[in-house]
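Here's the structure we're looking at; comments come further down.
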Amino acid sequence: MKCLDKSWRGYFKRAKLRFGPPDVRYVDDPHDTQCGMPLDGVDALYCHPTHTIVFTLTGRWIEGRTDLYPFKVAAHEYAHHLQTLTGVRRAYEARHRAEPRRRAELRRRFELQADCLAGVFMGSVYGSLARTGADWAALKDAVRASGDEDGHSSHGKGATRVSWLERGRRTLTPPPATPGRPRRAR
């Protein structure tokens, strides 16, 4: 989390945007509720009213995964904090209320943007992690497996999630902050 804070604080300073790090909470009871949401089956979540990232210390996201996967989960939830700080969340919520028929699509776009921002961060520090191409391939497999292939549609299909993670990793630069104008997700 300190690395995420340092990296994004620098970007926000260069972009002349106001920055503040999120609070972080770790929960070891998977039946707990945080921010009004049950944690059953949740890897981590971002509670925007309190600017808090909540990590569960049990479950599928830690057990049996490549060790880069929890790193990616942290970067994704941190991206939701960035969306809140830049006003993207506010614009998303306004469109979500105004366009009820597009809610699922808007949610996917919001989540895919978080995957892209996670990729930006991971790409910017990847060289310092002493990892191999096989490590990155294992991460992509884990991300692909976390997609919405079961008909539930909140984060996007696995291949689409990998595509946006890769796009962020390759560009190393988030798109200009343009609240209310999310990029079209596939």
Side-chain angles (χ1 to χ4, degrees), residues 1-17 19-26 42-46 51-86 88-89 108-149 154-178 182-186:
M1 295 308 293
K2 288 179 183 179
C3 185
L4 282 156
D5 290 343
K6 183 178 179 180
S7 294
W8 286 111
R9 179 179 285 113
Y11 173 77
F12 271 57
K13 184 176 181 178
R14 287 187 304 279
K16 295 182 173 56
L17 296 170
F19 178 81
D23 290 328
V24 179
R25 180 176 296 144
Y26 301 94
V42 174
D43 300 338
L45 63 86
Y46 177 68
H51 294 217
T52 304
I53 298 174
V54 180
F55 294 101
T56 59
L57 297 178
T58 60
R60 65 182 173 87
W61 81 286
I62 292 179
E63 300 161 5
R65 295 288 185 158
T66 169
D67 59 350
L68 283 179
Y69 189 75
F71 189 59
K72 184 267 177 195
V73 168
H76 175 96
E77 295 307 325
Y78 203 99
H80 288 314
H81 178 64
L82 303 174
Q83 289 169 318
T84 297
L85 294 179
T86 59
V88 170
R89 173 177 288 281
R108 275 191 312 278
R109 289 180 178 196
F110 185 73
E111 293 295 341
L112 291 169
Q113 183 184 53
D115 282 336
C116 182
L117 290 169
V120 168
F121 169 74
M122 292 185 76
S124 73
V125 299
Y126 194 76
S128 69
L129 299 177
R131 299 299 178 147
T132 66
D135 293 324
W136 187 257
L139 173 63
K140 290 189 327 185
D141 288 343
V143 171
R144 193 173 292 108
S146 71
D148 295 333
E149 267 57 49
S154 66
H155 284 65
K157 294 198 179 292
T160 306
R161 294 191 76 188
V162 168
S163 175
W164 282 100
L165 180 71
E166 277 288 334
R167 185 174 183 165
R169 183 181 74 92
R170 281 190 315 269
T171 63
L172 298 179
T173 305
T178 52
R183 289 189 169 167
R184 182 152 179 82
R186 291 179 241 151

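Below, each value reflects all heavy atoms present in this structure, side chains not excepted, and no hydrogens, waters or symmetry copies.
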Item to complete: Please round to the nearest 0.5 Å and tell me the distance separating atom CG of Leu85 and atom CD of Gln83.
Response: 10.5 Å

Worksheet item: Below 4.5 Å, heavy atoms only, C-beta onward: do Val143 and Trp164 meet side chain to side chain?
Response: no

Discussion item. Just to verify, which of His155, Lys157, Arg161 counts as forming a side chain to side chain contact (heavy atoms under 4.5 Å, CB included) with Leu112?
Written reply: Arg161

Item to complete: Answer yes or no: is there a side-chain heavy-atom contact under 4.5 Å between Trp136 and Leu129?
Response: no

Fill in: Set of residues satisfying side chain to side chain donor-acceptor pair (under 3.5 Å) with respect to Asp23, sequence neighbours excluded
none

Item to complete: Take Tyr69 and Asp141 through the test side chain to side chain contact (heavy atoms under 4.5 Å, CB included) and record every step on the way to the result.
Response: CA-CA 10 Å; Tyr69 189 75; Asp141 288 343; over 6 Å; no

Worksheet item: Should we say atom CZ of Arg144 is surrounded by more than 12 heavy atoms from elsewhere, each under 6.0 Å from it?
Response: yes

Worksheet item: With a 6.0 Å cut-off on ring centres, are His80 and Phe110 close enough?
Response: yes

Discussion item. Does any part of the side chain of Leu117, heavy atoms only, come nearer than 4.5 Å to the side chain of Tyr78, both counted from C-beta?
Written reply: no

Item to complete: Could you label the plane-to-plane angle of the Phe55 and Tyr26 rings as parallel, tilted or perpendicular, counting under 30° as parallel and over 60° as perpendicular?
Response: parallel

Item to complete: Please answer whether the main-chain N or O of Val24 pairs with a side-chain N or O of Thr52 as donor and acceptor at a distance below 3.5 Å.
Response: no

Discussion item. Tell me if a side-chain donor or acceptor on Arg14 pairs with a main-chain N or O of Gly10 at a distance below 3.5 Å.
Written reply: yes

Worksheet item: Hey, what do you get for OH (Tyr46) to OG1 (Thr84), rounding to the nearest 0.5 Å?
Response: 4.0 Å

Worksheet item: Is Phe71 close to Val125 at the side-chain level, that is, under 4.5 Å between some pair of heavy atoms?
Response: yes

Worksheet item: For Glu166, what residues pass the salt bridge (Lys or Arg N to Asp or Glu O under 4.0 Å) criterion, not counting sequence neighbours?
Response: Lys140, Arg169, Arg170

Worksheet entry | Min side-chain heavy-atom separation Leu17-Thr86 under 4.5 Å | yes

Discussion item. Quick check: do Leu139 and Arg131 have side-chain heavy atoms less than 4.5 Å from each other?
Written reply: no

Discussion item. Could you check whether any side-chain N or O of Ser163 sits under 3.5 Å from a backbone N or O of Ala159, counting only pairs where one atom can act as donor and the other as acceptor?
Written reply: no

Worksheet item: Do His76 and Leu165 have side chains that get closer than 4.5 Å, going by heavy atoms?
Response: no

Discussion item. Can you tell me how far apart CD1 (Ile53) and CE (Met1) are? Round to the nearest 0.5 Å.
Written reply: 3.5 Å

Worksheet entry | Spacing of Trp8 atom CH2 and Leu82 atom CG [to the nearest 0.5 Å] | 5.5 Å

Discussion item. A side-chain contact here means heavy atoms from C-beta on lying under 4.5 Å apart; do Tyr11 and Ser124 qualify?
Written reply: no

Worksheet, complete the sentence: Contacts satisfying salt bridge (Lys or Arg N to Asp or Glu O under 4.0 Å) that involve residues 68-84 (not counting sequence neighbours) are Lys72-Asp115

Worksheet item: Nearest heavy-atom pair of Ala75 and Met122: which atoms, and what distance?
Response: CB-CG, 4.4 Å

